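Accompanying notes for the structure given below.
First listed ligand is number 1; within each ligand, the first listed atom is number 1. It should be emphasised that the depicted structure is a prediction, and the values quoted were computed from it without experimental measurement.
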Amino acid sequence: MDSTAPTHANDSNARHRRRVRAMLWFGAGMLTSMGAWWTLFFFNLGVKPLAMMEVGMLLTGLTVGALTYTKRTRAAFYLLILGAYVFITGIAWVMDIPSAEAPRTTHLFLLVLGLAAQLFLRDEPAYFRLPVVGGCLLTCVFLASTTTGMVSSFALPDSVRIMGSWVNAGAAIVGMFVLMQLIVSDLTDTSSLEADLRRALQRGEFHLLYQPQVTSQGHVFGAEALLRWYHPKRGLVSPGEFIPVAEQTGLIIPLGSWVLGTACTQLAEWSRQPDMAHLTLAVNVSAHQFGQSSFVEQVQTTAARTGANPKLLKVELTESMLAHDIEDIILKMHALKEIGVGTSLDDFGTGYSSLSYLKRLPLDQLKIDQSFVRDVMANGNDASIAKTIINLGKDLHFTVIAEGVETPDQRDFLMANDCHRFQGYLYSKPVSAPQLAQYVSHAHALS
Ligand code: C2E
Ligand code: MG
Ligand code: MG
């Protein structure tokens, strides 16, 4: 069983990224073509300053295209949104002043921009996404509801604006249609994955794999339970893809209790096998799941129901969770400790945990994130971060485990710096429970 098999080819995140790129190409095309059209128009009319401004729009479009081509998606988006916002509001306020003959239409592009921002910032927190999207929409409301604008010699005559309103309104409606299409495809993707996830739980398509955790002497002291979804058509779907959807839809709650129940049943089974009875088992818990007021009680009843020894169970929290309601987290960690369940801080070094919080957490273990372990040999900064985490863990009396250890060099570096617990492909990929039993008895025979 290969846990590293690629996720199914039509990964919905990859499709989302393709949609975002399609939107950027479309935006670049719009700016470039509108810029080119109006440049020629004003040039023919002999209004040089306006023609030059339109050249600016054309160049912005070309730059967005170049950034998209070189896969600098974020830079492309921010240039597109900023450039387009400035041009649209500027033109609407200075040149496109409504009259009895022709309405103002330039502001309609702000609707397109708002939709584009909504698609691009889909996964960003609301406090960032809403002001950007809302800013575009509110400016549109303002420009649609007022007949005023700046009085200057640049205001376009109605003869131009009558033709322009057809071009603008037509192009903006096409833009809205294209973006709505992209957003609807995005939503359908998520909801079909959600429906599939619901069915998968009922049909028993989830499995747990176990990745051994090993000491510097090669002794297997525990394992981490890692969730896998074997979809009948899509094949193996990685947790990186379905956990976020499960979190968004609340399905993580039943899924998380299935994981906890299965892991505890496994622990109870190991307790009956002499070679396996000492193993600890770490279970990943998501923020939503840990946030439930009954979480600790659930852990306690699940352990009691399955016959698992709570002292061998470890709950893995991620550092990013600490950003929410730290007091509640600390209370729950204490309550878990009281019933014997350990806690580990996963992916340590990637979040923003403040050191003052860290010393208040009744943690048992820090897990050095694999991104630092990967480059300890090649990158001096990552090596320093790994060393700092090891020292921090020691000072705060936590055990430190390194994840993603793939080479003997990485292990030797970590050992030389006083980290003696490892998890990674150097030892084993995540494997099924029978394969783990084989691995443990083999390691036992060697030591
Ligand atoms: P994680 O908890 O940090 O798990 C470690 C990930 O690194 C696993 O990916 C594991 O297969 C992978 N890994 C282990 N050793 C190596 C190595 O030497 N090299 C490399 N490149 N990778 C290694 P996986 O299984 O795809 O899981 C990804 C993440 O999904 C996990 O990260 C965890 O955050 C989440 N996850 C997995 N199972 C569950 C679960 O039951 N519940 C929840 N809430 N999240 C889960
Ligand atoms: Mg983990
Ligand atoms: Mg991790």
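- The aromatic ring centres of H219 and H278 sit less than 6.0 Å apart.
- With respect to E224, the salt bridge (Lys or Arg N to Asp or Glu O under 4.0 Å) criterion is satisfied by exactly one of K429, R421, K367: K367.
- The two atoms that bring A200 and W229 nearest to each other are CB-NE1, 3.3 Å, heavy atoms only.
- Heavy-atom contacts from other residues, nucleotides or ligands closer than 6.0 Å to CD of E297 number 12 or fewer.
- Atoms of ligand 1 lying under 4.0 Å from any heavy atom of G424, numbered from 1 in the order shown and given with element: 15 (N), 18 (O).
- On a distance-only criterion, N284 and ligand 1 share at least one N/O pair closer than 3.5 Å.
- Atoms of ligand 1 lying under 4.0 Å from at least one heavy atom of R228, given by number and element, are 11 (O), 24 (P), 25 (O).
- For the pair OE1 of E316 and OD1 of N284, the angle at the Mg ion (ligand 2) is about 90°; rounding is to 10 degrees.
- Counting heavy atoms of neighbouring residues, nucleotides and ligands inside a 6.0 Å radius, atom CH2 of W258 exceeds 12 of them.
- With a 6.0 Å cutoff to the six-membered ring centre and a 45° limit on the axis angle, K332 does not count as a cation-pi contact of F295.
- In summary, the side chains of D409 and T407 do not present any donor paired with an acceptor at a separation below 3.5 Å, with no hydrogens or angles considered.
- Numbered from 1 in the order shown, with element, the atoms of ligand 1 that lie under 4.0 Å from a heavy atom of Q370 read 5 (C), 6 (C), 7 (O), 12 (C), 13 (N), 20 (C), 21 (N), 22 (N), 23 (C).
- At the Mg ion (ligand 2), the angle from OD2 in D346 to OE2 in E224 is 180° when rounded to 10°.
- Close contacts between ligand 1 and V259 involve ligand atoms 41 (O) [criterion: under 4.0 Å to a heavy atom].
- Its N, O or S atom nearest to the Mg ion (ligand 3) is what matters here, and for D347 that atom is OD1.
- The side chain of P430, and not its backbone, has at least one atom closer than 4.0 Å to an atom of ligand 1 (non-hydrogen atoms only; side chain from C-beta on).
- Scanning E406, K429, K367 for the heavy atom closest to atom 17 (C) of ligand 1 points to E406.
- By the criterion of a heavy-atom distance under 4.0 Å, the side chain of D347, and not its backbone, is placed next to ligand 1.
- Defined by atom type and a distance below 3.5 Å, a donor-acceptor pair is missing between the side-chain atoms of T302 and Q298.
- Among the atoms of D369, none of the N, O or S atoms falls under 2.8 Å from the Mg ion (ligand 3).
- Any N or O atom pair closer than 3.5 Å counts here, and Q289 shares no such pair with ligand 1.
- When the N, O or S atoms of E403 are ranked by distance to the Mg ion (ligand 3), OE2 comes first.
- Side-chain contact of Q213 with Q423: a donor-acceptor pair under 3.5 Å is present, judged by distance alone.
- The atoms of ligand 1 that sit less than 4.0 Å from any heavy atom of Q211 are 14 (C), 15 (N).
- When all heavy atoms of I252 and S286 are compared, the closest pair comes out as CG1-OG, 3.2 Å.
- Aromatic pair F242/F206: centroids less than 6.0 angstrom apart.
- The ligand atoms of ligand 1 that sit less than 4.0 angstrom from a heavy atom of E403 are 3 (O), 5 (C).
- In K359, the NZ atom is not crowded: 12 or fewer heavy atoms of neighbouring residues, nucleotides or ligands sit closer than 6.0 Å.
- Here the rule is side chain to side chain contact (heavy atoms under 4.5 Å, CB included) with R199, and of L201, L197, D196 only D196 fits it.
- Nearest-residue assignment for atom 13 (N) of ligand 1 (options W258, F242, Y425; heavy-atom criterion): Y425.
- Remark: ligand 1 and T318 share no N or O pair separated by less than 3.5 Å (distance only, no angle test).
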- Item | Steps toward salt bridge (Lys or Arg N to Asp or Glu O under 4.0 Å) verdict (K314, D364) | CA-CA 9 Å; K314 195 166 270 159; D364 296 284; over 6 Å; no
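- Ligand 1 has an N or O atom lying under 3.5 Å from an N or O atom of L227, backbone or side chain.
- Atom numbering of ligand 1 starts at 1 in the shown order; those under 4.0 Å from a heavy atom of S286 are 44 (N).
- Some N or O of D346 is nearer than 3.5 Å to an N or O of ligand 1, by distance alone.
- The heavy atom nearest to atom 45 (N) of ligand 1, considering only I252, L255, L260, I243, is found in I243.
- Heavy-atom proximity to atom 31 (C) of ligand 1, evaluated over L209, L226, V285, is greatest for L226.
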